[in-house]
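Side chains are part of it too, since the values below use all heavy atoms of this structure and drop only hydrogens, waters and symmetry mates.
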Amino acid sequence: MNMADSEGKETPRAGDHEGSELSNYKSFTAKDNPHGMLAESSFATLFPKYREKYLAKMWPLVQHKMKEHELKCQLDVIEGSMTVSTTKKTWDPFIIIKARDMIKLMARSVPFEQAQRVLEDGVYCDIIKIGSLVSNRERFVKRRQRLIGPNGATLKALELLTGCYIMVQGNTVATLGSYKEIRTVRKVVQDTLKNVHPIYNIKTLMIKRELSKDPELKDQSWERFLPKFNKTHAKKVKKPKIKKKEYTPFPPPQTESKIDKQLASGEYFLHEKERRLKSLQAKKVKENEAEEKRAAWRQQAFIPPVESSKPKKGSKNNDNHNNIDVEALKKKVKISQKRKRVQGETTGTPSNRKKTKS
């Protein structure tokens with residue numbers, strides 16, 4: 001069941017025309033069929049045991065409601081079934097289908113006050129089976145609870161947006177409302193059970209509701225206004241491939257017992273004292289080996305690290321210091337001293353100049 005397409009219009013379907021809405025619907029009255037029904041027809045449905053008390057209490061109201069449309073109804077508590085049937089005075093040929101839907105809704109825990117609305121013109125119902133959509137039971141319960149939401153908030157938001165009455169009970173979801181909105185609810189319910197969070201569909205419905213109020217956008221595409229949600233999949237961890245062992249028709253070798261090991265080593269034929277001595281010697285050998293390993297591990301802290309022969313970056317080699325020309329340095333020092341003297345004579349006081357002349 002599809003929702004509104006990208007252009008904001010529903011795809012044409014049987015029953016989804018202008019006459020299917022209450023505004024343009026011409027009601028069928030008793031004057032249109034004064035002769036009644038020639039043949040009688042009836043429908044029956046079963047109800048669970050826990051609904052027996054409620055149905056027995058509300059059955060007089062159901063009978064009164066059916067009598068308004070010239071229908072008969074019967075409650076069988078022993079078999080656990082409800083039956084509705086027409087009479088010769090029934091003037092509406094389609095009312096028996098509506099009455100069948102009413103008892104089906106009441107069997108699915110819908111209260112009488114809501115179920116009786118299906119007898120009205122332009123009001124339809126749909127019972128969506130959700131039990132077979134998810135194979136895992138725990139996963140099914142989680143997704144069903146996701147549809148209801150915390151304290152029924154998600155379900156209430158869906159009811160306000162669609163104008164439908166929605167009842168989640170067991171493996172079914174019962175909806176009651178106009179034909180167009182029932183199809184919307186079915187899509188949301190099926191998407192939720194297929195692991196699509198209902199908040200995405202609710203957000204889309206909110207946007208479409210606001211767009212429908214604008215008369216200029218009726219004949220335009222709504223695709224640019226609707227949100228686009230990308231699916232993200234978590235990366236699966238690849239399991240290491242396990243090599244299969246080669247098939248051998250022979251069974252694996254039997255594990256040796258303690259007696260077999262003693263027979264192989266010859267320990268079985270020794271006396272008890274000799275066995276004890278041998279075991280003690282083996283323990284001492286193991287202890288000595290363990291002590292040697294510990295001592296070697298402790299001595300590692302006192303062993304100096306091996307210095308690398310490679311020179312570090314940024315450090316100059318000692319060979320460069322040995323290759324320095326000493327005489328060239330001496331000449332540079334003498335030239336610098338002469339320059340300082342000349343500069344001191346030129347920048348000296350007048351008294352100093354006279355002394356130099358004399």
Next on the checklist: Apply side chain to side chain contact (heavy atoms under 4.5 Å, CB included) to residues C73 and M82 and explain how you reach the verdict.
Outcome noted: CA-CA 7 Å; C73 59; M82 293 180 284; over 6 Å; no
Checklist entry - Please walk me through it: do M206 and E210 pass side chain to side chain contact (heavy atoms under 4.5 Å, CB included)? => result CA-CA 6 Å; M206 288 171 71; E210 294 298 322; 5.9 Å; no
Item to check | Intermediate values then yes/no, side chain to side chain contact (heavy atoms under 4.5 Å, CB included), T86 and L71 | outcome: CA-CA 5 Å; T86 59; L71 294 171; 3.9 Å; yes
Item to check | Verdict with supporting geometry, F225 and K208, side chain to side chain contact (heavy atoms under 4.5 Å, CB included) | outcome: CA-CA 9 Å; F225 301 110; K208 285 182 177 180; over 6 Å; no
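Shown here is E79, whose CD atom has no more than 12 heavy atoms of other residues, nucleotides or ligands within 6.0 Å. Dense packing is recorded around OH of Y54, with more than 12 heavy atoms of other residues, nucleotides or ligands lying under 6.0 Å away. Other residues, nucleotides and ligands contribute more than 12 heavy atoms inside 6.0 Å of the NZ atom of K98. The local environment of CD in E113 is crowded, with over 12 non-hydrogen atoms from other residues, nucleotides or ligands closer than 6.0 Å. Counting non-hydrogen atoms of neighbouring residues, nucleotides and ligands closer than 6.0 angstrom, the CG atom of N136 exceeds 12 such neighbours. Around CG of L280, the count of heavy atoms belonging to other residues, nucleotides or ligands within 6.0 Å exceeds 12. Counting heavy-atom neighbours within 6.0 Å of E327 CD, excluding the residue itself, gives a total of 12 or less. Residue K72 qualifies as open at atom NZ: its count of foreign heavy atoms under 6.0 Å is 12 or below.
Here the straight-line distance linking atom CD of E274 with atom CG of L277 works out to 8.0 Å at 0.5 Å rounding. Distance check: N171 CG to R144 CZ gives 7.0 Å after rounding to the nearest 0.5 Å.
With salt bridges taken as basic N to acidic carboxylate O contacts below 4.0 Å, one links K65 and E68. A salt bridge between K286 and E289 is absent, with no side-chain N of the basic residue lying under 4.0 Å from a carboxylate O of the acidic one.
Using a 4.5 Å cut-off on side-chain heavy atoms (C-beta onward), R294 and E291 make contact. Annotation: side chain of L105 is not in contact with side chain of Q114 (no heavy-atom distance under 4.5 Å). V185 has its side chain out of reach of D126: every pair of non-hydrogen atoms, C-beta onward, lies at least 4.5 Å apart. In this structure the side chain of N195 reaches within 4.5 angstrom of the side chain of R143, judged on heavy atoms. Side-chain contact between E70 and M37: absent, with no pair of heavy atoms (C-beta onward) separated by less than 4.5 Å. Side-chain contact between E52 and K49 is present, with at least one heavy-atom pair separated by less than 4.5 Å.
Of all heavy-atom pairs between V188 and N201, the closest is CG2-CB, 3.8 Å. V84 and I96 make their closest contact through O-CD1, 3.9 Å (heavy atoms, listed as atom of the first residue, atom of the second, distance).
With hydrogens and angles disregarded, a donor-acceptor distance shorter than 3.5 Å links the side chain of R275 to the backbone of E267. Using modelled atom types, no side-chain atom of R146 and backbone atom of T192 make a donor-acceptor pair closer than 3.5 Å. In this structure a side-chain-to-backbone donor-acceptor pair under 3.5 Å is present from D76 to I78.
If you chain together hydrophobic residues whose side chains sit under 4.5 Å apart, I103 and F94 fall into the same group.
The aromatic rings of Y124 and Y179 lie perpendicular to each other, with more than 60° between the two planes, well past the 30° mark.
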